[in-house]
Amino acid sequence: MKILVTGGAGYIGSHTCVELINAGYEVVIADNFLNSCPVVLDRIKELTGRDFGFYECDLRDRAPLDKIFAEHKIDAVIHFAGLKAVGESVEKPLEYYDNNLGCTLTLCEAMRAANCKRLVFSSSATVYGMNNPSPLREDMPIGGTTNPYGTTKYMIELILRDLYASDNTWSIALLRYFNPIGAHKSGRIGENPNGIPNNLMPYITQVAVGKLPYINVFGNDYDTPDGTGVRDYIHVVDLALGHLKAVEKIMSGTGIDAYNLGTGKGYSVLEMIRSLEKASGKKLNYKIMGRRPGDLASCYSDPSKALRELGWRAERGLEEMCEDSWRWQSMNPEGY
Ligand code: NAD
Ligand code: UD1
């Protein structure tokens, strides 16, 4: 079976490609390296010992997509490609709407023309907005997003539901990721943020490796056990394996469904710092700062639907997530 992976050179895409190839799938990657680099492809080859198709293209361009579908019999598409930085999306809304919606619309048009109607889409817990209490369940209302990035994910979910309503021969899984961290056990692939990280875990590991002086803890007056923000961190390899289960699901029938991919367990910022201190053997400095605008106190999943309907659950615990994040960061202090 052959899978087209858009954004396959990125953080989650590269881990998913490794798991797909190891499970015997043929993989074709399409990426324009907007937020990744070509060396990732060599590392995927090194880790799997297998080759795969690669097309350097912008997913908003239709011609390369038609070429991919003409040159390969693609059974299903996993669509990771998109921009993902919340703060940047506030400054550059047009670029975010153009890229994230543009990629998805062009991809779906090319899929329809090639009669390939099986799609796994990278959505986000951010679609639950500010008004739902955790644990978040797939049947809760979505929307009320607070930034253009989140709104693109919400809009794409609506677009894909309209697409299915217009033609119920499509089979679509909307995967709502919680907070992916960690890296492949080898330390050869991992998250490679540009500049100063926005997300907590890469920031902590950059402090541990000595690139940044201390961690800014955004608020310690939330209604949480220690006052700091609580999130549902999930190992990126567990997340990758969730995609394999979603592919099996969309191959088995038609329909559209959303699934939370999380562990169901929340950890606070201070717990994350302590856990990375343990993994790295380093003392980490932090300062308590004001709250970050738009942040929630707690955000964690009810992951039971994915277990029930996909037969998937996260297996890797916090200690393993931190050990693997640290191995990647310490082996690659400057990234790729
Ligand atoms: P990433 O930036 O590492 O990977 C995205 C990849 O898409 C990159 O390789 C980039 O070069 C490529 N890309 C972007 N625009 C493109 C275009 N126009 N044409 C071709 N390629 C393009 O991000 P990631 O963390 O691996 O996230 C993958 C997906 O999962 C994204 O859609 C993201 O929004 C979503 N997601 C990520 C998180 C997270 O915390 N990492 C959480 C929820 C959802
Ligand atoms: C962020 C995005 C969300 C996206 C998710 C996964 C925002 C408002 N939301 O969510 O849309 O889906 O990443 O990519 O950016 N923290 C610190 N110091 C830091 C960084 C973070 O204390 O330097 C805290 C935050 O306040 C939060 C927790 O750590 O409580 C996790 O933050 P982060 O990693 O940015 O993820 P989210 O806020 O869940």
Side-chain angles (χ1 to χ4, degrees), residues 5-16 29-38 40 55-61 64-65 78-90 95-96 98-100 102-104 106-107 121-130 145-147 149-150 152-153 156 175-181 190-194 196-204 206-207 212 214-220 222 224 228-234 236 239-240 243 261 266-270 272-273 286-300:
V5 183
T6 76
Y11 172 46
I12 306 169
S14 57
H15 288 81
T16 303
I29 296 178
D31 202 302
N32 65 353
F33 302 123
L34 192 57
N35 192 38
S36 54
C37 55
V40 178
Y55 292 79
E56 183 170 349
C57 60
D58 190 316
L59 268 292
R60 288 167 293 184
D61 295 340
L65 278 168
I78 306 180
H79 179 36
F80 292 106
L83 292 168
K84 63 164 184 177
V86 172
E88 185 183 63
S89 80
V90 175
E95 284 80 353
Y96 270 68
D98 179 46
N99 195 64
N100 292 4
C103 284
T104 308
T106 310
L107 173 67
F121 173 63
S122 296
S123 189
S124 167
T126 195
V127 300
Y128 290 108
M130 301 295 284
T145 45
T146 53
N147 57 76
Y149 163 71
T152 66
K153 295 291 176 193
I156 293 169
L175 302 184
R176 297 178 181 159
Y177 311 155
F178 282 70
N179 292 57
I181 62 169
E191 188 172 10
N192 190 33
N194 272 328
I196 296 178
N198 299 307
N199 294 119
L200 180 65
M201 191 44 128
Y203 204 105
I204 296 179
Q206 291 204 8
V207 171
L212 293 167
Y214 57 85
I215 301 146
N216 300 298
V217 175
F218 296 144
N220 68 347
Y222 284 107
T224 60
T228 66
V230 167
R231 295 292 182 275
D232 184 343
Y233 297 93
I234 173 169
V236 66
L239 191 63
H243 290 74
L261 296 187
Y267 291 100
S268 74
V269 175
L270 296 181
M272 297 306 287
I273 294 174
Y286 66 85
K287 285 191 188 167
I288 306 292
M289 318 293 283
R291 293 181 178 192
R292 183 172 66 179
D295 267 354
L296 292 163
S298 288
C299 173
Y300 55 93

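Read the numbers this way: they start at 1 and go in the same order the structure lists the ligands and their atoms.
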Enquirer: Hey, is Ala125 one of the residues with a heavy atom under 4.0 angstrom from ligand 1?
Expert: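 In this structure, Ala125 fails to qualify as a contact of ligand 1 - no heavy atom is under 4.0 Å.
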
Enquirer: Closest non-hydrogen protein atom to atom 6 (C) of ligand 2, residue and atom name please, with distance?
Expert: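 Going by distance alone, atom 6 (C) of ligand 2 is nearest to Asn199 ND2, 4.2 Å.
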
Enquirer: I want to know if ligand 1 touches Ser36 in the polar sense, i.e. an N/O pair below 3.5 angstrom.
Expert: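 In this structure, Ser36 places an N or O atom under 3.5 Å from an N or O of ligand 1.
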
Enquirer: Less than 3.5 Å between some nitrogen or oxygen of Asn179 and one of ligand 2, yes or no?
Expert: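 Right, the criterion is met.
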
Enquirer: Starting from atom 34 (O) of ligand 2, which protein heavy atom do you reach first, and at what distance in Å?
Expert: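 Going by distance alone, atom 34 (O) of ligand 2 is nearest to Leu200 N, 2.8 Å.
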
Enquirer: Closest non-hydrogen protein atom to atom 38 (O) of ligand 2, residue and atom name please, with distance?
Expert: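 Answer for atom 38 (O) of ligand 2: Arg292 NH2, 2.8 Å.
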
Enquirer: What protein heavy atom sits nearest atom 39 (O) of ligand 2, and how far off is it?
Expert: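 Among all protein heavy atoms, the one nearest atom 39 (O) of ligand 2 is Arg231 NE, 2.6 Å.
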
Enquirer: Polar contacts were defined as any N/O atom of the residue lying under 3.5 Å from an N/O atom of the ligand; does this apply to Phe218 and ligand 2?
Expert: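 Checking ligand 2 against Phe218, an N or O pair does fall under 3.5 Å apart.
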
Enquirer: When only distance counts, is Asn216 in polar contact with ligand 2, meaning an N/O pair under 3.5 Å?
Expert: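 N/O-N/O distance under 3.5 Å: yes.
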
Enquirer: Counting from 1, what ligand 2 atoms have a heavy atom of Asn198 closer than 4.0 Å?
Expert: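 Taking each heavy atom of Asn198 in turn, ligand 2 has 20 (C), 35 (O) under 4.0 Å.
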
Enquirer: Tell me whether the centres of the aromatic rings in Tyr177 and His243 are closer together than 6.0 Å.
Expert: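 Centroid separation for Tyr177 and His243: below 6.0 Å.
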
Enquirer: Any idea which atoms of ligand 2 are less than 4.0 Å away from a heavy-atom of Val217?
Expert: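 So the atoms of ligand 2 that pass are 22 (O).
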
Enquirer: Check whether any N or O atom of Ser123, backbone or side chain, sits under 3.5 Å from an N or O atom of ligand 1, and answer yes or no.
Expert: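 Between Ser123 and ligand 1, no N or O pair is found under 3.5 Å apart.
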
Enquirer: Could you check atom 12 (O) of ligand 2 against the protein and tell me its nearest heavy-atom contact, residue, atom and distance included?
Expert: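 Looking at atom 12 (O) of ligand 2, the protein heavy atom closest to it is Ser124 OG, 3.1 Å.
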
Enquirer: For atom 24 (C) of ligand 2, which protein heavy atom lies nearest, and how many Å away is it?
Expert: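 Nearest protein contact, heavy atoms only, for atom 24 (C) of ligand 2 is Val269 CG2, 3.6 Å.
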
Enquirer: Heavy atoms only, cut-off 4.0 Å: how does Ala81 contact ligand 1, side chain, backbone, both, or neither?
Expert: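 Both of them.
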
Enquirer: Between ligand 1 and Ala30, is the shortest N or O to N or O distance under 3.5 Å?
Expert: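 By distance alone, the answer is no.
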
Enquirer: Hey, what's the ring geometry for Phe121 with His79, parallel, tilted or perpendicular (30° and 60° as the breaks)?
Expert: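 Taking His79 first and then Phe121, their aromatic rings sit tilted (interplane angle of 30° to 60°).
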
Enquirer: Is Pro180 in polar range of ligand 1, meaning some N or O pair under 3.5 Å apart?
Expert: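 Between Pro180 and ligand 1, no N or O pair is found under 3.5 Å apart.
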
Enquirer: Considering non-hydrogen atoms only, spot the tightest contact between Tyr11 and Val236 and give its length.
Expert: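 That closest heavy-atom pairing would be OH-CB, 3.5 Å.
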
Enquirer: Ignoring angles and geometry beyond distance, decide whether Leu296 reaches within less than 3.5 Å of ligand 2 through its nitrogen or oxygen atoms.
Expert: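 Between Leu296 and ligand 2 (N or O atoms, distance only) the closest approach is not under 3.5 Å.
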
Enquirer: Which bit of Lys153 is near ligand 1, meaning a heavy atom under 4.0 Å away: side chain, backbone, both or neither?
Expert: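 Side chain only.
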
Enquirer: Write out the residue and atom name of the closest protein heavy atom to atom 31 (C) of ligand 1, then the distance separating them to 0.1 Å.
Expert: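 Looking at atom 31 (C) of ligand 1, the protein heavy atom closest to it is Phe80 O, 3.1 Å.
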
Enquirer: Could a heavy atom of Tyr233 be found less than 4.0 Å from some atom of ligand 2?
Expert: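 Yes, that is the case, since the closest heavy atom of the residue is under 4.0 Å from the ligand.
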
Enquirer: Do the non-hydrogen side-chain atoms of Leu65 and Thr106 ever get within less than 4.5 Å of each other?
Expert: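 They are in contact (side-chain heavy atoms under 4.5 Å apart), so the answer is yes.
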
Enquirer: In a check of side-chain hydrogen bond (donor to acceptor under 3.5 Å, both in side chains) between Thr152 and each of Asn147, Asp98, Asn100, which one passes?
Expert: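 Only one of Asn147, Asp98, Asn100 forms a side-chain hydrogen bond (donor to acceptor under 3.5 Å, both in side chains) with Thr152, namely Asn100.
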
Enquirer: For ligand 2, is there an N or O atom under 3.5 Å from any N or O atom of Asp295?
Expert: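 N/O-N/O distance under 3.5 Å: yes.
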
Enquirer: Can you list the ligand 2 atoms lying under 4.0 Å from a non-hydrogen atom of Gly229?
Expert: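 Taking each heavy atom of Gly229 in turn, ligand 2 has 30 (O) under 4.0 Å.
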
Enquirer: Considering both backbone and side-chain atoms of Gly10, is one of its nitrogen or oxygen atoms within less than 3.5 Å of a nitrogen or oxygen in ligand 1?
Expert: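 Yes: some nitrogen or oxygen of Gly10 is under 3.5 Å from one in ligand 1.
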
Enquirer: Considering non-hydrogen atoms of the protein only, which is the closest contact for atom 9 (N) of ligand 2, and what is the distance?
Expert: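 That would be Val86 CG2, 3.7 Å.
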
